[in-house]
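Note: hydrogens, waters and symmetry copies are ignored here, and every other heavy atom, side chains too, is used. Positions are given from 1, in the same order as the sequence printed here. None of the values given here were measured: they were computed from a predicted structure. Just so you know, ligand 1 is whichever comes first in the structure, and atom 1 is the first atom listed for that ligand.
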Amino acid sequence: MYDLTSPKQTSELLRSHGIRLQKRLGQNFLCDRNILNNIVASAKLTPNTPVLEVGAGAGALTTALAEHTSRLTSIEIDTHLEPILREVTADYENITLVFQDFMRMDMNALFDSAFGEERGVFVSNIPYYITTPIIEKLIEHKHRWRRAVMLVQQEVANRIVAKPATPDFGSMSLFVQYHTKPEIICKVPPTVFLPAPEVSSCVIALEPIIPGAIAIRNEARMFHLIRAGFGQRRKTLLNALMRAPGSFHLGFGMEDRVRAEAFLAKVGIDGNRRGETLSLEEYGRLSDAYEED
Ligand code: SAM
């Protein structure tokens with residue numbers, strides 16, 4: 001049996017099956033026992049917790065997870081890896097391997113088959129090229145899971161946990177922080193992957209918040225405002241909101257500057273601030289005031 005925490009043995013296993021890793025599929029395999037243990041511990045599994053993994057690779061994380069749950073569903077897009085995965089997981093009756101593109105799967109059907117009625121745990125060493133769509137899909141179905149532990153690029157992890165008025169703060173920070181409680185578990189250097197990626201990574205954990213981190217009247221309205229606030233980063237909030245493109249506009253034309261200023265003053269937010277300095281609570285206040293207006 002191959003030791004998948006050893007880069008040398010993982011390389012040999014891949015070579016013996018004639019497999020060359022594909023950069024375009026984000027195939028950087030994790031070969032480090034400590035980080036694997038850390039990911040599994042952060043998932044906070046009980047033996048009955050159903051687990052869904054995306055991107056099984058050669059099965060290092062898959063087999064580590066399978067030691068701690070009675071039900072694991074693991075998705076892998078690359079059918080070249082099927083013989084390896086079948087071999088590596090042969091002794092585990094609790095693993096269901098699915099060879100499909102996660103991005104094209106029916107999420108409700110997938111959660112039904114992986115978790116049933118329960119709220120399970122999502123774990124993934126994420127293929128980096130689809131980090132944002134995976135997080136968006138998860139959040140869209142946040143009532144189906146209770147914890148998500150993911151290995152993501154450090155830059156993405158920093159954006160997810162960023163606080164207002166810091167360089168990493170953006171609409172993604174507000175989106176994830178409204179829907180979940182995010183936490184950085186640990187930093188992961190490129191050297192523990194086969195092959196090493198160009199950037200550092202982080203293990204992060206998300207816990208869904210239902211309905212959301214703050215009480216607001218209209219979620220969609222708040223996210224329109226957030227997009228408008230960040231859409232024109234160099235503009236003041238007042239200008240950004242007045243010029244916001246698309247379906248949302250405050251209802252103030254450029255000629256209505258005075259009215260728009262009065263609106264922001266009523267909410268207690270200085271229109272000369274930049275959108276990137278507003279907290280989630282402030283965007284919530286702005287959005288609720290707009291609903292009232
Ligand atoms: N879990 C393994 C590990 O930790 O070593 C592999 C992680 S590797 C970063 C990401 C894996 O996701 C690759 O095996 C890749 O083929 C797979 N993958 C990429 N895109 C995918 C998709 N759309 N659906 C399912 N798996 C995908």
Side-chain angles (χ1 to χ4, degrees), residues 2-14 17 19-43 51-69 72-89 92 95-107 109-111 114 121-138 148-154 156-157 185-186 188-204:
Y2 289 93
D3 174 5
L4 295 171
T5 64
S6 152
K8 193 160 169 268
Q9 292 199 31
T10 306
S11 289
E12 273 171 30
L13 174 66
L14 293 168
H17 284 265
I19 286 173
R20 294 183 58 159
L21 293 182
Q22 300 187 60
K23 203 173 173 181
R24 69 176 182 92
L25 289 176
Q27 290 182 341
N28 301 96
F29 292 175
L30 180 60
C31 301
D32 185 282
R33 191 178 300 279
N34 286 336
I35 308 286
L36 283 166
N37 288 343
N38 216 339
I39 293 175
V40 175
S42 314
V51 181
L52 174 63
E53 184 199 12
V54 169
L61 183 54
T62 315
T63 48
L65 287 165
E67 298 287 343
H68 293 83
T69 175
L72 168 64
T73 305
S74 212
I75 317 289
E76 173 54 57
I77 195 173
D78 187 356
T79 48
H80 295 107
L81 294 169
E82 182 164 356
I84 290 188
L85 277 169
R86 298 265 177 229
E87 180 182 324
V88 164
T89 62
Y92 295 87
I95 301 177
T96 304
L97 295 172
V98 180
F99 290 91
Q100 280 190 41
D101 178 349
F102 174 71
M103 296 313 298
R104 290 172 181 266
M105 293 180 84
D106 174 336
M107 290 296 283
L110 176 58
F111 281 123
V121 169
F122 178 90
V123 182
S124 178
N125 174 4
I126 294 228
Y128 290 161
Y129 75 107
I130 42 173
T131 305
T132 305
I134 287 182
I135 292 176
E136 284 172 354
K137 260 183 187 290
L138 277 180
V149 179
M150 295 177 282
L151 193 45
V152 299
Q153 281 165 277
Q154 186 180 8
V156 175
I185 305 288
C186 63
V188 181
T191 46
V192 300
F193 293 93
L194 179 81
E198 276 143 31
V199 293
S200 288
S201 307
C202 283
V203 178
I204 60 163

For Gln100, the ligand 1 atoms with a heavy-atom partner under 4.0 Å come out as 24 (N), 25 (C)
Looking only at atom types and distance, does a side-chain atom of Glu76 sit under 3.5 Å from a main-chain N or O of Phe99, one as donor and one as acceptor? no
Short N or O distance, Ile77 and ligand 1, threshold 3.5 Å exclusive: yes
Which heavy atom of Gln9 sits nearest a heavy atom of Asp3, and at what distance? OE1-N, 2.8 Å
Between ligand 1 and Ala58, is the shortest N or O to N or O distance under 3.5 Å? no
Atoms in ligand 1 flagged as close to Asn125, the criterion being non-hydrogen separation under 4.0 Å: 3 (C), 4 (O), 5 (O), 7 (C), 8 (S), 9 (C), 10 (C)
Below 4.0 Å, non-hydrogen atoms only: which portion of Asn28 touches ligand 1? Side chain, backbone, both or neither. backbone
Heavy-atom nearest neighbour of atom 19 (C) of ligand 1 within options Leu25, Thr62, Ile134: Leu25
Any atoms of ligand 1 less than 4.0 Å from a non-hydrogen atom of Glu53? List them with their elements. 1 (N)
Given that the side chain starts at C-beta and the backbone is N, CA, C, O, which of these parts of Tyr129 lies under 4.0 Å from ligand 1, counting heavy atoms, or is it both or neither? side chain
Which of the numbered atoms in ligand 1 are below 4.0 angstrom from a heavy atom of Gly26? 8 (S), 9 (C), 10 (C)
So, using side chain to side chain contact (heavy atoms under 4.5 Å, CB included) as the criterion, who are the partners of Ala148 when residues are at least two apart? Phe122, Leu138, Trp145, Met150, Leu206
Counting heavy atoms under 4.0 Å, the part of Ile130 that contacts ligand 1 is side chain
